[in-house]
Each structure stands twice: as C-alpha cells, then as structure tokens.
Q: 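Take a look at this one; I'll ask things after.
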Amino acid sequence: MKLLLIEDEPSVVSFIRRYLAEAGYDVSVALDGVSGLQMATENNFQLIILDVMLPGMNGIAVCKALRQQQLSTPILMLTALGSTENVVTGLDSGADDYLVKPFKQAELLARIRSLLRRNNDTAAAIPAVTQTNGNVLKVADLELDLNTKSASRYGQTIVLTATEYRLLEYMMRNPKRVLSRMEILENVWGVDFNMNTKVVDVYVNYLRKKVNRKDQPALIQTVVGMGYMLKEEE
Ligand code: CA
C-alpha cells in the first residue's frame with residue numbers, strides 16, 4: 001500500500017513515516033507543495049496525506065490542482081488550524097477528510113483505514129434499492145453509473161469528487177426518504193469518523209449546486225430540522 005506524505009516539518013515527517021511503516025504502509029515523502037504535486041501526478045498512490053501550511057505552494061492549492069487533473073486518490077489534509085472555516089476551505093479544495101494537529105497515532109491510522117476502506121467498498125456495503133439496468137442508478141432524470149462512477153442529468157455529465165460521488169450514491173440508493181445528518185455521516189463517512197455533522201451540510205451544498213440546475217426541477221431537498229431528501233420537486 002503506497003502512501004504519499006506531503007509535509008515540510010521534519011519532526012512530523014519522521015513521526016508519521018515511522019508510525020505508518022510500522023503499520024505496513026510504504027510511505028514516500030515530499031517536503032514542499034510543488035514536488036508533492038509532481039510526485040502525486042507521476043505515481044500511483046493509494047492515499048495522500050497533505051499538510052496545509054507548506055512552503056511555496058500550500059496544501060489547498062496542491063489539492064485543487066490534483067482534483068483539476070481528475071486525480072481521485074483520497075486526500076487526508078493535516079491542519080494546525082481547527083476552525084470550521086479552514087476545514088471548509090480544505091474540504092472545498094477537494095480533500096476527503098482532515099486531521100487537526102497535534103493528533104494521536106491511532107487517530108491517524110483510523111482515518112487512513114477509513115479513507116482506504118471507503119474508497120474501496122462503499123458501493124458493496126450499501127444494498128441496492130433503485131438499481132435499474134446493469135449498474136446504473138436512476139432517480140427522475142438523474143443517473144449514476146456505478147461502473148464509470150459518473151453522474152449525469154438530462155444526458156449532461158456532472159463531474160464529482162470522490163466524496164460527492166459517495167454521498168450521491170447513498171442518496172440515490174435511499175430516494176424519497178428523509179436522511180438525517182447523522183445517518184448520512186455514518187453511511188458516507190463511516191462510523192469511526194469522529195466529526196461534526198457540519199461536513200454533511202457542506203457536501204450536500206456542493207452536490208446541490210452540481211445536481212440542481214436553475215432550469216430543472218430540484219432533486220436535493222432540505223427537510224428543515226430533520227435532514228435531506230432526494231426526490232423530485234412537487
Ligand atoms: Ca507545515
């Protein structure tokens with residue numbers, strides 16, 4: 001299992017590297033954003049651990065650049081700044097999860113396992129409800145192809161990040177049902193994901209912007225005080 005660590009602080013690098021090596025991971029290190037971006041693009045890593053504060057190009061910019069290149073590798077962002085605003089900026093740039101420094105070894109490992117697991121078998125873990133022809137989920141005019149992991153509406157492709165894809169898949173497998181934030185968090189981010197449900201609102205909003213178009217009926221509905229629901233507007 002090959003992981004890439006993009007981090008400039010030597011003490012953090014040696015701590016993470018040693019601990020992950022003991023856990024059986026093969027860790028490559030980049031000490032700045034530019035070389036990290038290059039390594040991530042040229043190699044096939046299973047996961048990227050990305051520090052936000054980096055010399056030259058910061059973690060947010062690296063993350064954005066990777067996602068722009070359609071790289072879907074899970075990204076775990078490391079931040080010393082724990083405010084919601086910074087977390088949102090990190091997630092907005094395309095990171096899948098974040099960890100606030102200083103963190104415990106066990107927590108880092110739990111997040112990595114959770115991300116790798118989510119990336120591999122989310123689809124298999126959720127029972128199919130609305131699966132139609134082959135591997136395509138369909139709700140109203142919205143389609144999600146489970147093989148190519150691409151979404152489309154009225155035949156127009158909707159580009160999704162890895163997390164947006166999992167969220168949409170979960171909602172499309174549970175249409176016309178109010179899904180609470182906690183339920184979404186548990187099913188999309190995993191039960192060991194120790195995080196505020198705020199992340200659910202952030203991601204539902206991203207998805208809503210992509211799926212709900214001005215000239216088309218809204219599909220992602222907010223159920224005030226309860227959660228979210230995927231259904232056609234009445
Ligand atoms: Ca740093």
Side-chain angles (χ1 to χ4, degrees), residues 1-17 19-20 23 25 27-41 43 45-119 160-167 185 188-190 192-207:
M1 194 69 78
K2 286 177 70 183
L3 311 186
L4 174 63
L5 170 63
I6 310 176
E7 163 69 84
D8 62 312
E9 288 158 62
S11 59
V12 180
V13 169
S14 72
F15 149 71
I16 293 180
R17 187 189 237 164
Y19 188 58
L20 293 185
Y25 296 107
V27 184
S28 300
V29 177
L31 296 169
D32 64 83
V34 175
S35 57
L37 178 60
Q38 193 181 353
M39 283 171 76
T41 340
N43 300 276
F45 293 103
Q46 268 78 53
L47 183 132
I48 297 166
I49 303 166
L50 177 61
D51 189 36
V52 171
M53 302 293 279
L54 292 167
M57 187 178 192
N58 72 24
I60 304 284
V62 172
C63 193
K64 277 186 185 159
L66 289 172
R67 293 308 187 220
Q68 269 162 15
Q69 293 176 33
Q70 306 293 320
L71 192 104
S72 62
T73 310
I75 296 176
L76 173 63
M77 210 165 246
L78 303 180
T79 172
L81 321 152
S83 79
T84 306
E85 213 168 63
N86 284 299
V87 167
V88 170
T89 309
L91 295 173
D92 197 15
S93 69
D96 295 281
D97 195 357
Y98 74 98
L99 204 49
V100 180
K101 290 175 177 177
F103 47 82
K104 294 201 173 79
Q105 296 183 346
E107 198 180 5
L108 172 68
L109 205 56
R111 295 293 174 91
I112 290 172
R113 283 189 182 133
S114 169
L115 277 173
L116 291 171
R117 192 169 57 238
R118 271 195 260 156
N119 206 42
L160 302 171
T161 65
T163 303
E164 288 167 351
Y165 170 81
R166 287 191 304 272
L167 174 60
L185 192 65
V188 177
W189 277 265
D192 56 351
F193 195 67
N194 180 24
M195 195 165 168
N196 193 287
T197 56
K198 171 84 188 157
V199 69
V200 174
D201 299 325
V202 171
Y203 267 94
V204 168
N205 278 329
Y206 293 157
L207 205 52

Q: To the nearest 0.5 angstrom, please state how far the OG atom of Ser93 sits from the CD1 atom of Ile60.
A: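 Going from OG on Ser93 over to CD1 on Ile60, the span is 4.5 Å.
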Q: Spell out, as yes or no, whether a donor-acceptor pair under 3.5 Å connects the side chain of Gln69 to the backbone of Leu66.
A: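 Pair absent, no side-chain N/O of Gln69 close to backbone of Leu66.
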Q: Report the distance from atom CG of Leu47 to atom CD1 of Ile75, rounding to the nearest 0.5 Å.
A: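 Leu47 atom CG to Ile75 atom CD1 measures 8.5 Å (nearest 0.5 Å).
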Q: Before giving the answer on side-chain contact (heavy atoms from CB on, under 4.5 Å), spell out for Leu108 and Leu99 the whole-Å C-alpha distance, their side-chain angles and the decisive distance to 0.1 Å.
A: CA-CA 8 Å; Leu108 172 68; Leu99 204 49; 3.8 Å; yes
Q: Mind listing the closest non-hydrogen atom pair of Ala40 and Ile48 along with its distance?
A: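 Result for this residue pair: CB-CD1, 3.8 Å.
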Q: Hey, are the side chains of Met1 and Leu116 touching, using non-hydrogen atoms and a 4.5 Å cut-off?
A: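 Of all side-chain heavy-atom pairs linking Leu116 with Met1, at least one is under 4.5 Å.
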Q: For a side-chain contact (heavy atoms from CB on, under 4.5 Å) check, start with the C-alpha distance between Val13 and Asp8, then their side-chain angles and the critical distance, and finish with the verdict.
A: CA-CA 7 Å; Val13 169; Asp8 62 312; over 6 Å; no
Q: So, the side chain of Thr41 versus the backbone of Leu37: is there a donor-acceptor pair under 3.5 Å, distance only?
A: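 Answer holds: yes.
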Q: With side chains defined as the heavy atoms from C-beta onward, is the minimum distance between Phe103 and Leu78 less than 4.5 Å?
A: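 Yes, at least one pair of side-chain atoms sits under 4.5 Å.
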Q: Please test Glu7 against Lys101 for salt bridge (charged side-chain N to carboxylate O under 4.0 Å, His left out), starting from the C-alpha separation and ending with a verdict.
A: CA-CA 12 Å; Glu7 163 69 84; Lys101 290 175 177 177; 2.9 Å; yes
Q: Nearest 0.5 Å please: distance from the OG1 atom of Thr73 over to the CD atom of Gln46.
A: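 Between atom OG1 of Thr73 and atom CD of Gln46 there are 8.0 Å.
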Q: Testing the basics here: between Ala30 and Gly36, what is the closest heavy-atom pair and its distance to 0.1 Å?
A: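 Nearest pair, atom of Ala30 first, then Gly36: CB-CA, 3.4 Å.
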Q: Return the set of residues passing ring pair (Phe, Tyr, Trp, His ring centres under 6.0 Å) with Tyr19 (not counting sequence neighbours), or none when no residue passes.
A: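 Partners of Tyr19 by the ring pair (Phe, Tyr, Trp, His ring centres under 6.0 Å) criterion come out as none, since no residue qualifies.
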Q: Could you tell me if the side chain of Leu167 sits less than 4.5 Å from the side chain of Leu160, heavy atoms only?
A: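 Sidechains of Leu167 and Leu160: no contact.
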Q: Are the side chains of Leu76 and Asp96 in contact, using a 4.5 Å heavy-atom criterion?
A: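 With C-beta onward as the side chain, the pair stays apart.
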Q: Do Leu20 and Leu109 touch side chain to side chain, with heavy atoms closer than 4.5 Å?
A: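 Heavy-atom side-chain distance check passes, below 4.5 Å.
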Q: Look up atom CD1 in Ile16 and atom CD in Glu9, then write down how far apart they are to the nearest 0.5 Å.
A: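 The CD atom of Glu9 is 9.5 Å from CD1 of Ile16, to the nearest 0.5 Å.
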Q: Determine yes or no for a side-chain-to-main-chain donor-acceptor pair under 3.5 angstrom, with Asn43 supplying the side chain and Phe45 the backbone.
A: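 Between the backbone of Phe45 and the side chain of Asn43 there is no qualifying donor-acceptor contact (under 3.5 Å).
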Q: Just how far is it from atom CZ of Arg17 to atom CG of Leu3, taken to the nearest 0.5 Å?
A: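 Going from CZ on Arg17 over to CG on Leu3, the span is 12.0 Å.
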Q: Determine, stepwise, if the pair Lys2 / Tyr25 fulfils side-chain contact (heavy atoms from CB on, under 4.5 Å).
A: CA-CA 6 Å; Lys2 286 177 70 183; Tyr25 296 107; over 6 Å; no
Q: To the nearest 0.5 Å, tell me how far Arg117 CZ sits from Ile112 CD1.
A: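 The CZ atom of Arg117 sits 12.5 Å away from the CD1 atom of Ile112.
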Q: Would you say the side chain of Leu50 lies within less than 4.5 Å of the side chain of Cys63, judging by non-hydrogen atoms?
A: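 With C-beta onward as the side chain, the pair touches.
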Q: Are the side chains of Tyr203 and Thr161 in contact, using a 4.5 Å heavy-atom criterion?
A: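 Answer yes - side chains close enough.
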Q: Are the side chain of Asp51 and the backbone of Leu54 linked by a donor-acceptor contact shorter than 3.5 Å?
A: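 Pair absent, no side-chain N/O of Asp51 close to backbone of Leu54.
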Q: Report yes if the side chains of Tyr98 and Val100 come closer than 4.5 Å at any heavy-atom pair, otherwise no.
A: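 Of all side-chain heavy-atom pairs linking Val100 with Tyr98, at least one is under 4.5 Å.
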Q: For Arg67, does the CZ atom have more than 12 heavy-atom neighbours from other residues, nucleotides or ligands under 6.0 Å away?
A: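 Above 12, so yes.
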Q: Establish, from distance only, whether the side-chain atoms of Thr163 and Arg166 form a donor-acceptor pair under 3.5 Å.
A: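 The answer is yes; a qualifying pair exists.
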